[in-house]
2 protein chains.
Amino acid sequence: MPSHDLPQDVSFQRQGHTELTAPPPLLTGEGGCPIRDVLDRIGDQWSLLVLAALEPETLRFNTLLRRIGDVSKQMLSRTLRRLEEDGFVHRTVYPEVPPRVEYRLTELGRSFLEPMRGLVRWADRHQAAVEAARAAYRARIGE
Amino acid sequence: MPSHDLPQDVSFQRQGHTELTAPPPLLTGEGGCPIRDVLDRIGDQWSLLVLAALEPETLRFNTLLRRIGDVSKQMLSRTLRRLEEDGFVHRTVYPEVPPRVEYRLTELGRSFLEPMRGLVRWADRHQAAVEAARAAYRARIGE
DNA sequence: CAGGATCCTCCCGGATACTG
DNA sequence: CAGTATCCGGGAGGATCCTG
């Protein structure tokens with residue numbers, strides 16, 4: 001069986017990006033796959049929610065904790081550090097007792113929410129369609 | 001309900017959480033936060049990559065498997081079933097021997113990729129800024 | 001109050017084998 | 001070829017305790 005695979009278009013695989021003909025560039029980028037990048041950034045459970053929470057106003061750690069509601073201190077801390085590291089969030093420590101730490105979006109972080117709005121709008125608009133598709137699926141198979 | 005913005009309040013908490021601090025639930029006729037919805041849909045490791053792979057052309061299971069490269073059969077199978085259930089992907093079985101199954105995007109699935117492009121474009125444009133922020137962070141602390 | 005350290009649990013997801 | 005069933009290890013992430 002001569003079925004040894006010749007990968008035809010590996011342009012959005014991790015790392016192994018030997019550049020070759022990409023018929024329609026579309027979502028596959030050069031070098032690192034942009035979709036992978038995006039996923040690495042916002043694919044986790046909390047980053048987006050933190051950004052959304054900070055969108056209207058600067059918040060302190062514990063306030064953020066309560067606002068999101070179902071995130072643990074550990075995860076919030078990790079998420080914030082990552083967001084700070086990536087330049088999405090700015091952290092300000094006020095040398096007071098008790099300590100006060102405020103988090104606010106940077107311009108970069110704010111600019112990121114822009115395209116996110118498109119996604120949210122999509123979810124809004126097509127929620128019914130998705131629901132319908134699920135119902136149809138259940139009717140066809142799930143039953 | 002007009003096209004709503006990113007939540008200004010606690011309206012993006014998961015339902016089933018006893019509310020204590022914030023008064024108004026603001027938007028959301030019923031407890032779903034759009035951001036949570038989006039995350040639930042594309043937050044997983046593979047959905048987006050599958051959609052992207054199917055964007056230019058209809059593909060068969062094993063082809064898809066190789067195209068993505070680092071996904072297991074199990075996860076691809078699960079992902080495809082979820083995408084089919086949600087109406088993003090259509091599955092066609094050809095009664096042949098050996099069996100042939102093709103996956104293609106539905107209009108819904110295709111429309112979803114539209115706002116995704118915005119995100120990809122953002123990642124493209126700001127990749128350098130993120131990298132710079134990381135370098136600055138490392139210089140400040142990581143060292 | 002902000003968050004690090006530690007422990008521990010659960011489940012995601014890869015590998016493999018099997019079926020139609 | 002197109003999946004499903006089973007096993008299993010590693011990591012995500014919650015709970016708790018502890019510091020400054």
Side-chain angles (χ1 to χ4, degrees), chain A residues 1-8 13-14 36 39-50 53-54 58-85 89-104 137 141-142, chain B residues 13-14 16-18 21 36 39-50 53-54 58-85 89-104 137 141-142:
Chain A
M1 198 106 50
S3 62
H4 248 324
D5 39 296
L6 286 183
Q8 310 173 12
Q13 293 182 0
R14 275 200 202 282
R36 304 256 189 188
L39 277 180
D40 285 345
R41 181 126 309 107
I42 59 134
D44 72 285
Q45 190 71 215
W46 304 117
S47 293
L48 266 184
L49 293 173
V50 169
L54 290 178
T58 294
L59 290 175
R60 307 176 58 171
F61 185 83
N62 278 323
T63 311
L64 211 35
L65 205 61
R66 283 189 301 271
R67 280 288 232 284
I68 296 181
D70 54 352
V71 65
S72 68
K73 295 200 300 182
Q74 189 184 56
M75 285 319 295
L76 180 59
S77 184
R78 281 186 199 173
T79 302
L80 282 170
R81 232 180 303 119
R82 255 202 93 199
L83 291 175
E84 187 194 358
E85 195 178 328
V89 160
H90 183 78
R91 179 173 178 270
T92 311
V93 182
Y94 295 89
E96 304 173 356
V97 179
R100 181 160 57 102
V101 179
E102 289 192 341
Y103 295 91
R104 64 173 172 79
Y137 184 86
I141 303 173
Chain B
Q13 292 184 358
R14 281 209 194 278
H17 182 74
T18 43
T21 48
R36 303 259 189 187
L39 277 180
D40 286 345
R41 181 126 309 110
I42 59 134
D44 73 284
Q45 190 72 213
W46 304 116
S47 294
L48 267 183
L49 293 174
V50 169
L54 290 178
T58 294
L59 291 176
R60 307 176 57 171
F61 186 83
N62 278 323
T63 311
L64 211 35
L65 205 62
R66 284 189 302 271
R67 280 290 231 286
I68 297 181
D70 54 352
V71 66
S72 68
K73 294 200 300 182
Q74 188 184 55
M75 284 320 294
L76 180 59
S77 183
R78 283 185 197 174
T79 302
L80 282 170
R81 232 178 304 119
R82 255 201 95 200
L83 290 175
E84 187 194 357
E85 195 179 327
V89 161
H90 183 77
R91 180 172 178 271
T92 310
V93 182
Y94 295 89
E96 305 173 356
V97 179
R100 181 161 58 103
V101 179
E102 289 191 343
Y103 295 91
R104 64 171 173 80
Y137 184 87
I141 303 173

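Keep in mind that this is a model prediction, so the values were computed, not measured. Quick note on labels: first sequence line is chain A, next is B, and so on, each numbered from 1.
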K.L.:
Can you measure B:N62 atom CG to D:dC1 atom C1' for me and round it to whole angstrom units?
P.N.:
6 Å
K.L.:
Tell me the interatomic distance from A:R67, atom CZ, to C:dC1, atom P, rounded to whole angstroms.
P.N.:
15 Å
K.L.:
Would you say B:T79 and B:L83 make side-chain contact, with heavy atoms under 4.5 Å?
P.N.:
yes
K.L.:
Using side-chain heavy atoms (C-beta onward) and a distance below 4.5 Å, is B:E102 in contact with B:L59?
P.N.:
no
K.L.:
How would you list, by chain and number, every residue that makes a salt bridge (charged side-chain N to carboxylate O under 4.0 Å, His left out) with B:E85, sequence neighbours excluded?
P.N.:
none
K.L.:
Please give, in whole Å, the distance from C:dG13 P to B:W46 CH2?
P.N.:
8 Å
K.L.:
Would you work out how much the helix from C:dC1-D:dG20 to C:dG20-D:dC1 bends between its ends, with each end axis defined by five base pairs, to 10 degrees?
P.N.:
40°
K.L.:
With sequence neighbours excluded, tell me which residues meet side chain to side chain donor-acceptor pair (under 3.5 Å) with A:S47.
P.N.:
A:D44
K.L.:
For nucleotides 15-20 of chain D, just jot down a letter per nucleotide in 5' to 3' order: B, S or -, based on protein non-hydrogen atoms under 4.0 Å.
P.N.:
B-B--B
K.L.:
Answer yes or no: does a side-chain N or O of A:R60 lie under 4.0 Å from OP1 or OP2 of C:dA2?
P.N.:
yes
K.L.:
Expressed as a whole number of angstroms, how long is the span from A:E102:CD to C:dC1:P?
P.N.:
14 Å
K.L.:
My understanding is that only residues two or more places apart in sequence, or in another chain, count here; which of them pass side-chain contact (heavy atoms from CB on, under 4.5 Å) with B:V97?
P.N.:
none
K.L.:
With sequence neighbours excluded, what pairs up with A:R104 under the salt bridge (charged side-chain N to carboxylate O under 4.0 Å, His left out) test?
P.N.:
none
K.L.:
Over how many whole Å does the gap from A:M75 atom CE to C:dG4 atom P extend?
P.N.:
13 Å
K.L.:
If a pair satisfies salt bridge (Lys or Arg N to Asp or Glu O under 4.0 Å) and one of its residues is in residues 74-83 of chain A, list it, with sequence neighbours excluded.
P.N.:
none
K.L.:
Can you list the residues that meet the side-chain contact (heavy atoms from CB on, under 4.5 Å) rule with B:R91, with sequence neighbours excluded?
P.N.:
B:E84, B:V93, B:V101, B:Y103
K.L.:
Distance check, rounded to the nearest 0.5 Å: A:L64 atom CG versus A:L80 atom CG?
P.N.:
5.5 Å
K.L.:
Who are the salt bridge (charged side-chain N to carboxylate O under 4.0 Å, His left out) partners of A:R41, not counting sequence neighbours?
P.N.:
A:D86
K.L.:
Rounded to the Å, how far apart are B:I68 CD1 and C:dG13 C1'?
P.N.:
14 Å
K.L.:
B:L65 CG to D:dA2 P: how many Å, rounded?
P.N.:
10 Å
K.L.:
Measure the distance from CZ on A:R91 to C1' on C:dC1 and round it to the nearest whole Å.
P.N.:
12 Å
K.L.:
Within residues 77-85 of chain B, find the residues that approach DNA chain C with a heavy atom at under 4.0 Å, and present them sorted by residue number.
P.N.:
B:R78
K.L.:
Who passes side-chain contact (heavy atoms from CB on, under 4.5 Å) against A:V71, sequence neighbours left out?
P.N.:
A:W46, A:L65, A:I68, A:M75, A:L76
K.L.:
Once you apply a heavy-atom cut-off of 4.0 Å, does A:Y103 come out as touching a base, just sugar-phosphate, or nothing?
P.N.:
sugar-phosphate
